[in-house]
K.L.:
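Please find one structure pasted underneath; my questions will follow.
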Amino acid sequence: MLVAHVALPVPIYRLFDYQLVIPAQIGMRVKVPFGNRESIGIIVNIDQQSKFDIEELKPIIAVIDTTPLFTNSIWQLLNWAINYYHYPMGEVLFHAMPILLRQGRKAINDEIKQWQLTELGRKIDLQTLSRSPKQKLLLSSFRANSIIETNFKLATYHELQRKLLIQQQIIPKNLIDWRNNFSINPNSIKLNNEQLHAITTINNQNHHFGVFLLDGVTGSGKTEVYLNILSKILASGKQALVLVPEISLTPQTIKRFQQRFNAPIDVLHSALTEKQRLNVWLRSKHGETAVLIGTRSSLFTPFKNLGMIIIDEEHDSSYKQQEGWRYHARDLAIIRAKIDNIPIILGSATPSLETLNNTHNGKYQLLPLTERAGNATFAKQSILDLRGLVLKAGLSQPLIAKIKQHLSNNNQIILFLNRRGFSPLLICHDCGWIAECPRCDRPYTYHQKQHKLICHYCDTTRIVPEQCPKCGSTHLIPIGFGTEQLEKQLEILFPNTKISRIDRDTVSKKGALNSYLTNIQQGGAHILVGTQILAKGHHFPDVTLVGIVDVDGALFSSDFRATERFAQIYTQVSGRAGRENKTGEVILQTYHPDHPLLNVLLTKGYQEFAKLTLQERQQTQLPPFSYQVLIRAADRNNHYAPNFLQKIYDWIKINSDQALWQLGPMPANQPKKAGYNRWQLLLQHTNRQKLQQILDQLIIAMEKWDEIPKVRWSIDVDPIDN
Ligand code: ADP
Ligand code: ZN
Ligand code: ZN
């Protein structure tokens with residue numbers, strides 16, 4: 001009797017054994033009994049052994065696939081990831097599938113069904129349908145070959161079918177081979193020497209594994225380099241995967257890909273239906289997609305013949321999954337490139353310190369683009385000392401004067417403030433009561449336009465109270481300011497100027513961002529207020545002034561990564577000023593004009609900042625000079641979670657070497673969220689293997705512990721927010 005070891009989508013580390021009574025292979029999905037229901041699982045192993053009595057095992061109910069679901073390369077990648085991230089196998093495997101496949105849908109493309117005229121339909125006198133004008137119109141459209149499917153109801157089709165005037169034909173889906181018609185649309189750009197050097201270096205890799213960091217300031221022509229290199233890859237018949245932080249923010253880039261190549265470019269964006277997602281997955285697996293552009297999870301799409309991976313804005317934190325299985329898509333992409341033996345390009349104007357360090361130690365090859373392509377010049381940057389100045393919604397008089405000046409030249413202005421809402425606090429003027437989310441113990445953000453209090457941690461919403469619940473006073477006042485208030489203030493100061501606010505509140509509607517952007521690109525005086533959404537990859541040729549309204553929060557955070565993140569956002573936002581032929585200016589308001597980091601950043605730039613910060617990290621043995629794992633636990637009574645982590649702490653202390661450093665258990669950065677008390681234990685080691693080994697052993701040991709069910713817990717390997 002054969003035994004199938006099956007991974008099920010449950011947060012349990014072990015596999016489940018079933019009698020394999022139907023022929024099947026490793027990597028196929030199966031339907032199995034699980035508890036008192038049925039579940040879909042994936043066969044991970046087949047042999048003749050089980051820890052249980054084989055006779056007692058339940059048999060598999062059905063085999064769903066006829067071939068293993070994943071390609072070899074994805075299967076290897078996922079298995080690597082399961083070991084590295086110490087996450088339950090079933091959850092990882094299911095995470096990597098489109099939702100319809102998780103639900104058991106067959107992994108085959110839909111057949112195309114097409115309506116056709118019958119003999120009768122071709123000949124019959126249209127007047128016979130004169131009493132049903134819709135049917136008559138549909139039939140005549142068929143005859144004129146001018147069907148627009150959505151113009152008619154399905155019922156109308158069925159009526160014509162019933163009258164034997166049209167019929168449905170099923171067309172088996174032929175594989176489309178784009179390679180026969182592939183061509184590159186010529187363009188007139190003359191590449192500069194740095195671009196040419198980057199292209200030659202990567203092409204010299206001859207389609208083999210290698211990691212390249214394209215380190216180019218905003219507007220230095222990185223996308224142009226990608227397009228150039230992809231030309232070769234696609235011309236050789238291979239496919240490419242391009243990861244971007246957020247699809248909705250990159251319409252311009254996608255258009256450039258589509259314009260350059262006569263080949264199918266698939267985009268995995270959030271507006272797709274599940275069925276469309278599955279189809280993209282299948283198209284890519286069968287080689288019908290030439291280029292796939294998508295976010296984080298697109299990394300798990302199988303390809304028939306992948307030739308290159310590009311990770312644009314590699315420093316972006318959206319590549320790290322922040323719940324459940326906390327993988328890093330950039331790091332996994334490098335593993336994937338290694339498995340497939342293909343080159344991978346990381347691109348950024350502000351590379352992460354991890355990646356920069358890997359260029360220093362020779363693991364990645366650095367390809368700098370130091371000049372702005374075409375005629376664009378760099379912006380002039382200055383600090384504005386806020387001490388003693390009067391502020392209006394965060395704006396100082398000198399900044400307001402600058403805005404006036406730039407507007408009078410018919411230019412555009414970006415004001416960057418990384419805080420949405422009207423104010424981060426609503427407080428009772430008489431007794432000091434603060435409106436707080438009871439589930440998170442954090443102040444609600446006041447959103448004036450929606451007339452709501454919104455918790456920015458758990459998204460709980462409530463109506464703004466009329467009265468203070470503590471003293472009954474009606475004098476509730478907003479303290480501090482966010483983008484909504486800034487926008488309002490600007491409307492008062494500049495009543496005749498167009499003002500757009502771009503943050504999660506204003507662009508949540510589909511297509512809203514796009515229409516804002518189009519509006520802005522039409523030119524003319526305009527003020528843009530926004531959060532970091534503004535910092536990402538847009539091309540605003542008329543922006544000449546960028547004002548950073550408030551930086552002090554980022555400079556004084558307890559997270560050692562906060563300064564790196566600030567430097568990246570700052571560099572990206574200021575990169576928006578002065579593209580093309582206009583010289584730009586960046587003004588940074590702060591109460592700490594002498595802050596060393598600010599000064600290095602402004603006078604010497606991101607590179608120098610990164611160098612200094614890396615030195616600091618080396619001295620303090622922080623990542624990337626050591627490796628971290630964060631074990632998180634949450635409970636409802638604030639008792640089980642710390643106890644559970646303490647037990648882990650004690651176990652590790654006995655079982656690990658001296659060099660493993662533990663910090664905790666301690667309350668998480670945000671100690672309460674959505675009713676859960678959150679705790680954490682940080683592990684750090686200078687040797688990655690040793691840290692990995694102790695996790696392996698810990699998980700085996702924990703199988704025998706009993707209080708785990710009362711705690712929600714997870715392992716975060718290489719955490720980015722601790
Ligand atoms: P990045 O991706 O680094 O922001 P892009 O590739 O988008 O830069 O280039 C910015 C702008 O400069 C684009 O309009 C692009 O067409 C143009 N460009 C790129 N390379 C050159 C070049 N060598 N000469 C002139 N214009 C260029
Ligand atoms: Zn009060
Ligand atoms: Zn909350």
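Quick caveat, the model's predicted, so the values are computed rather than measured. Counting convention: from 1, in listed order, for ligands and their atoms alike.
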K.L.:
So is Gly216 close enough to ligand 1, meaning a heavy atom under 4.0 angstrom away?
P.N.:
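It does not; every heavy atom stays at 4.0 Å or beyond.
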K.L.:
Mind checking whether Glu484 and Asp505 have side chains closer than 4.5 Å, heavy atoms only?
P.N.:
no
K.L.:
Look at Cys428 and state whether any of its N, O or S atoms is less than 2.8 Å from the Zn ion (ligand 2).
P.N.:
yes
K.L.:
Can a donor-acceptor pair be found, under 3.5 Å and without considering hydrogens, that links the side chain of Asn638 to the backbone of Asn677?
P.N.:
no
K.L.:
If you stand at the Zn ion (ligand 3) and look out to SG of Cys440 and SG of Cys455, what angle do those two lines make, to 10°?
P.N.:
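About 110° at the Zn ion (ligand 3).
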K.L.:
Check step by step if salt bridge (Lys or Arg N to Asp or Glu O under 4.0 Å) holds for Arg565 and Asp721.
P.N.:
CA-CA 11 Å; Arg565 237 171 267 141; Asp721 54 343; over 6 Å; no
K.L.:
With rounding to 10 degrees, what does the angle Cys431:SG / the Zn ion (ligand 2) / Cys468:SG come to?
P.N.:
110°
K.L.:
Is Cys471 close enough to the Zn ion (ligand 2) to have an N, O or S atom under 2.8 Å?
P.N.:
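Checking Cys471: at least one N, O or S atom is under 2.8 Å.
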K.L.:
I'd like to check Leu292 versus Phe303 (side-chain heavy atoms, cut-off strictly below 4.5 Å). Are they in contact?
P.N.:
yes
K.L.:
Give a yes or no on this: more than 12 heavy atoms of other residues, nucleotides or ligands lie within 6.0 Å of atom NE2 of His429.
P.N.:
no
K.L.:
Counting each atom of ligand 1 from 1 as listed, which ones have a heavy atom of Gln195 under 4.0 Å away?
P.N.:
19 (C), 20 (N), 22 (C), 23 (N)
K.L.:
Which one of Gln680, Gln322, Lys320 satisfies the side-chain hydrogen bond (donor to acceptor under 3.5 Å, both in side chains) criterion with Asp716?
P.N.:
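Answer to the side-chain hydrogen bond (donor to acceptor under 3.5 Å, both in side chains) test with Asp716 among Gln680, Gln322, Lys320: Lys320.
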K.L.:
Can any side-chain N or O of Gln195 pair as donor or acceptor with the backbone N or O of Glu224 at less than 3.5 Å?
P.N.:
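Flag not set: sc Gln195 to bb Glu224 has no pair under 3.5 Å.
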K.L.:
Quick check: Gly221 and ligand 1, any N/O pair under 3.5 Å apart?
P.N.:
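Yes, Gly221 has an N/O under 3.5 Å of an N/O on ligand 1.
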K.L.:
Please compare Val217, Leu369, Thr223, Ile189 and report which has the shortest non-hydrogen distance to atom 22 (C) of ligand 1.
P.N.:
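The nearest heavy atom belongs to Ile189.
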K.L.:
With a cut-off of 4.0 Å, which atoms of ligand 1 are near a heavy atom of Asn192?
P.N.:
23 (N)
K.L.:
Scan side-chain atoms only and decide if Trp679 and Asp635 contain a donor-acceptor pair under the 3.5 Å cut-off.
P.N.:
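No, because no side-chain N or O of Trp679 sits under 3.5 Å from a partner of the opposite role on Asp635.
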K.L.:
Do any N/O/S atoms of Cys458 come under 2.8 Å of the Zn ion (ligand 3)?
P.N.:
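So Cys458 does bind the Zn ion (ligand 3) by this criterion.
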K.L.:
Considering Glu194, Lys190, Lys222, Arg256 one by one, which has a heavy atom nearer to atom 15 (C) of ligand 1 than any of the others?
P.N.:
Arg256
